[in-house]
Trainee: 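Structure provided below as structure tokens; questions to follow.
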Amino acid sequence: MPVPRVRFCPAPSGWLHVGGARTALYNWLWARHTGGVFVFRIEDTDATRATPESMRGMIESMRFLGLDWDEGPEVSGPYGPYVQSERSDLYAAVSAKLLAAGAVYDAYETPEELEEQRQAQQRAGRPPGYAGGHRDLPDAQREAFLAEGRQPVLRVRTPDDGVVTVSDAVYGPVEFAWKDVADFVVERADRTHTYYLANAVDDLAMGINLVARGDELLSATPRQQLLYGLLLRDNLLDDALADNGYPARPPDAVPPSFAHLPLLVGEDRKPLSKCHGSVAVDEFRRQGYLPDVLVNVLALCGWSPGAAEERMTVDELVERFSLERVGRNPAYFDTAKLRAFNGDRIKELDDAELAERLQPYLNAAGLLPEVATPTQQRLLLGLAPLLRERIQTLAEAVPLVAFCFREVVELDAAAVAKHLKGRAGEVLDIAADRLAALGEWSGDAILGVFDGMAAELGLGRGKVMQPVRVAVAGTAVSPPLPQTLALLDRDVVVERVRAATARVAA
RNA sequence: GGUCCCGUCGUCUAGUGGCCCAGGACGCCGCCCUCUCAAGGCGGUAACGCCGGUUCAAAUCCGGUCGGGACUACCA
């Protein structure tokens with residue numbers, strides 16, 4: 001039994017979104033669960049779409065999620081390079097051999113002609129697909145096309161009849177009839193190579209023995225399997241590898257088996273794509289979701305631990321994950337559940353850890369410098385326990401505590417209108433005096449002041465504390481007031497309370 | 001149009017002939033608690049797409065039907 005070798009191979013265009021991340025995660029979980037190898041490969045064979053920024057973003061998002069790879073960009077490995085644009089000589093050598101062996105043939109239709117053919121087929125109520133028009137072209141015709149300046153593509157000759165069975169770890173055996181599989185392109189007119197070729201060559205060359213990928217590729221699997229057979233026949237691939245200075249395949253390499261994963265869909269039930277708003281992994285990071293929680297919830301999209309608890313650490317996921325329990329129906333990525341799980345995980349963080357995690361978000365909001373002063377760090381540490389119960393994401397802490405880090409606060413108009421009226425002026429005057437005179441600057445002592453005032457003035461706590469809250473925080477919402485005030489500089493608090501009296505409506 | 005896949009509460013799912021008048025989680029609703037916002041406690045809402053069949057018994061098996069999706073690219 002060879003050691004499992006799995007891979008994640010995104011095309012670097014756009015951001016890594018949760019669908020891709022889920023595919024990456026399942027491969028990673030399987031590798032870690034079985035003690036196998038997780039390969040990360042960049043499939044940038046389509047130069048018109050691939051961008052270096054996207055590749056960097058993918059790598060960053062993978063690192064953020066904690067999906068470390070054993071072989072791939074930045075870590076290298078024995079079967080590299082792991083970026084397909086650096087392997088084009090290999091693909092060229094393979095397709096030349098395929099042509100020499102008669103497995104592929106040159107076809108000269110222009111994209112426009114093909115499009116026209118498809119439309120004609122559609123109109124006639126026939127399935128669109130390459131009809132095999134340029135199979136077995138007479139030499140004279142071929143030369144005539146060349147003389148016209150046409151550049152051929154290379155197409156694989158697919159069987160005309162018979163069936164092929166794909167044994168899928170998730171779907172079980174799925175049968176396809178070869179007559180439904182049209183001759184497909186492996187080499188474009190510009191001599192670059194398509195996904196089919198590059199992907200099959202690399203999976204074989206890198207000894208990948210299990211391909212877990214999105215459901216949308218299930219019907220492409222017969223083509224893939226056909227290519228495996230072609231590449232392995234007469235040592236075609238092995239020779240190409242040796243001729244071009246690539247490492248030989250692992251000695252125990254076997255063609256991969258498959259596991260197709262149900263698609264992740266958006267709220268509209270359409271498959272996820274770049275068009276869908278905030279589904280990029282990086283966007284979830286910016287919003288303050290913890291990577292472990294993202295991993296947890298992603299794992300639950302399509303896989304179930306059975307009757308066991310759904311909230312799991314990454315280690316528990318690795319231990320329990322299995323392909324057998326991957327489902328077959330498309331899942332909607334539920335951000336409400338993500339929020340809930342995230343909030344729960346935040347509650348498990350201790351003060352120091354929470355403060356540390358919060359810091360980058362305060363940095364990004366311009367509330368803290370890159371390197372916080374000891375005073376700022378103490379303040380944040382003191383705020384942590386007050387924040388823990390009331391934030392679902394790390395970014396949600398920012399508006400709640402911004403007033404603690406600013407020199408001046410602007411009073412929210414709606415909050416002023418609602419709370420700085422009636423007896424608020426009287427309340428603020430007394431509060432300012434008593435807070436200024438308070439012996440011990442602590443949460444309990446401050447609460448004592450408010451309670452005393454409430455009793456004397458015959459007001460509820462709310463009537464006393466809300467005006468003060470608005471005065472100091474500028475908003476009607478903040479962490480618990482007495483404890484928060486205790487963390488701030490007393491002079492600042494008193495000054496803000498006095499200043500606010502001017503804003504009280506007559 | 002063709003091929004393939006899928007169909008359990010709003011969502012993700014558990015469920016492989018009786019343990020299911022269907023369980024969990026998230027959401028939602030109500031009550032309690034409360035200095036705001038939360039959190040917490042308690043309670044509640046809600047699903048086997050439909051029609052036939054097999055069987056003593058079906059969410060589970062079979063047939064059909066309807067609905068959704070993928071593929072059908074010189075994208076991956």
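Reminder, nothing fancy here: chain letters follow the sequence lines and each chain counts from 1. Quick note: numbers below take in every heavy atom, side chains included, and nothing from hydrogens, waters or symmetry partners. Note that the coordinates shown come from a computational prediction; the quantities given were computed from them, not determined experimentally.
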Trainee: Would you mind pulling out the nucleotide paired to B:U60, Watson-Crick or G-U wobble, both distances under 3.5 Å?
Mentor: none
Trainee: Closer than 4.0 angstrom, basic N to acidic O: yes or no for A:E43 and A:R49?
Mentor: no
Trainee: How many Å lie between CZ on A:F450 and C1' on B:U36, as a whole number?
Mentor: 12 Å
Trainee: Would you say A:Y130 and A:E109 are linked by a side-chain donor-acceptor pair, where the criterion is simply a distance under 3.5 Å?
Mentor: yes
Trainee: Quick test of your reading of the model: are A:R388 and A:D351 salt-bridged, counting only N-O distances below 4.0 Å?
Mentor: yes
Trainee: Can you figure out which of B:G69, B:C26, B:C5 approaches the side chain of A:V174 most closely?
Mentor: B:C5
Trainee: Answer with base, sugar-phosphate or nothing: what part of the nucleic acid does A:R325 contact at a heavy-atom distance below 4.0 Å?
Mentor: sugar-phosphate
Trainee: B:A70 P sits how many Å from A:D168 CG, rounded?
Mentor: 18 Å
Trainee: On RNA chain B, does the nearest nucleotide to A:E175 precede the nearest nucleotide to A:W303 from the 5' side, or the other way round? Give the residue.
Mentor: A:E175
Trainee: Over all strands shown, is A:S478 touching base, sugar-phosphate only, or nothing at heavy-atom distances under 4.0 angstrom?
Mentor: base
Trainee: Students often mix this up, so state it plainly: with edges at 30° and 60°, are the rings of A:F284 and A:F333 parallel, tilted or perpendicular?
Mentor: perpendicular
Trainee: For B:U3, give its Watson-Crick or G-U wobble partner with both distances under 3.5 Å, or none.
Mentor: B:A70
Trainee: Using whole Å, what does the distance between atom P of nucleotide B:U34 and atom NZ of A:K463 come to?
Mentor: 18 Å
Trainee: Counting side-chain heavy atoms from CB outward, which of B:C35, B:C37, B:C26 is closest to A:R390?
Mentor: B:C37
Trainee: With a non-hydrogen cut-off below 4.0 angstrom, is A:G302 in contact with a base, only sugar-phosphate, or nothing?
Mentor: sugar-phosphate
Trainee: Please report the distance, rounded to the nearest Å, between CG in A:N342 and P in B:A39.
Mentor: 13 Å
Trainee: Any carboxylate oxygen within less than 4.0 angstrom of a Lys/Arg side-chain nitrogen, looking at A:R461 and A:D451?
Mentor: yes
Trainee: Name the orientation class of the two ring planes belonging to A:F40 and A:F8 (parallel below 30°, tilted from 30 to 60°, perpendicular beyond 60°).
Mentor: parallel
Trainee: By the 4.0 Å heavy-atom rule, please label A:P480 as base, sugar-phosphate, or nothing.
Mentor: base
Trainee: Between B:A70 and B:A59, how far is it from one C1' atom to the other, in whole Å?
Mentor: 26 Å
Trainee: Respond yes when some side-chain nitrogen or oxygen of A:N329 is under 4.0 Å from OP1 or OP2 of B:C12, and no when none is.
Mentor: no
Trainee: Using the C1' atom as the point on both nucleotides, what is the distance between B:G15 and B:A47, in whole Å?
Mentor: 13 Å
Trainee: Once you apply the 3.5 Å cut-off to both distances, tell me the Watson-Crick or G-U wobble partner of B:U34, or none.
Mentor: none
Trainee: Using atom CZ of A:F341 as one end and atom P of B:U13 as the other, report the distance to the nearest whole Å.
Mentor: 13 Å
Trainee: B:A58 and B:C66: how far apart are their P atoms, nearest whole angstrom?
Mentor: 26 Å
Trainee: Ignoring hydrogens and geometry beyond distance, is a side-chain donor-acceptor pair present between A:D215 and A:H260 at under 3.5 Å?
Mentor: no
Trainee: Quick one: label A:E113 by what it contacts on the DNA or RNA (base, sugar-phosphate, nothing), any heavy atom closer than 4.0 Å.
Mentor: nothing
Trainee: Classify the nucleic acid contact of A:R388 as base, sugar-phosphate or nothing, counting any heavy atom under 4.0 Å across all strands shown.
Mentor: nothing
Trainee: Categorize A:L481 for me: base, sugar-phosphate, or nothing, with a 4.0 angstrom heavy-atom threshold over every strand shown.
Mentor: base
Trainee: Once you apply the 3.5 Å cut-off to both distances, tell me the Watson-Crick or G-U wobble partner of B:C75, or none.
Mentor: none
Trainee: Could one point to a donor on the side chain of A:R328 or the base of B:C5 with an acceptor on the other under 3.5 Å away?
Mentor: no
Trainee: Could you tell me whether A:D106 and A:R142 make a salt bridge, using a distance below 4.0 angstrom between a side-chain N and a carboxylate O?
Mentor: yes
Trainee: If the P atom of B:C56 is compared with that of B:U13, how far apart are they to the nearest Å?
Mentor: 36 Å
Trainee: Using purine N1 to pyrimidine N3 plus N6-O4 or O6-N4 for Watson-Crick, or N1-O2 and O6-N3 for G-U wobble, each under 3.5 Å, what pairs with B:G17?
Mentor: none
Trainee: Is the closest side-chain donor-acceptor distance between A:D183 and A:T158 under 3.5 Å?
Mentor: yes
Trainee: Of all the nucleotides listed (B:A39, B:C35, B:U11), which has the minimum atom distance to the side chain of A:R469?
Mentor: B:C35
Trainee: Would you measure the distance from the C1' atom in B:G18 across to the matching atom in B:A22 and give it in whole Å?
Mentor: 13 Å
Trainee: Which whole-number value in Å describes the distance from A:E389 CD to B:G41 P?
Mentor: 11 Å
Trainee: Want to settle it: does A:A308 or A:L300 sit nearer the 5' end of RNA chain B, counting the closest nucleotide to each?
Mentor: A:L300
Trainee: In whole Å, what separates the P atom of B:U11 from that of B:G49?
Mentor: 12 Å
Trainee: Roughly how far apart, to the nearest Å, are B:C20 and B:A57 at atom C1'?
Mentor: 13 Å
Trainee: Could you tell me the separation between the CD atom of A:E309 and the P atom of B:G23, rounded to a whole number of Å?
Mentor: 18 Å
Trainee: Quote, to the nearest angstrom, the C1' distance that separates B:A14 from B:A25.
Mentor: 11 Å
Trainee: Within the structure shown, what part of the strands sits under 4.0 Å from A:K347 by heavy-atom distance: base, sugar-phosphate, or nothing?
Mentor: sugar-phosphate
Trainee: Quick one: do A:D334 and A:R339 make a salt bridge, cutoff under 4.0 Å?
Mentor: no
Trainee: With the sugar-phosphate defined as primed atoms, P, OP1 and OP2, and the base as all remaining atoms, what B/S/- string results for nucleotides 71-76 of chain B, 5' to 3', for protein heavy atoms under 4.0 Å?
Mentor: SBBBBB
Trainee: Could you check which nucleotide pairs with B:G10 in any of the strands shown, counting Watson-Crick or G-U wobble with both distances under 3.5 Å?
Mentor: B:C26
Trainee: With both distances under 3.5 angstrom, what nucleotide forms a Watson-Crick or G-U wobble pair with B:G49?
Mentor: B:U65
Trainee: Check this for me, if you would: do A:E187 and A:R155 make a salt bridge, where the nitrogen-to-carboxylate-oxygen distance has to be below 4.0 angstrom?
Mentor: no
Trainee: To the nearest Å, give me how far apart CD (A:Q224) and P (B:C4) are.
Mentor: 19 Å
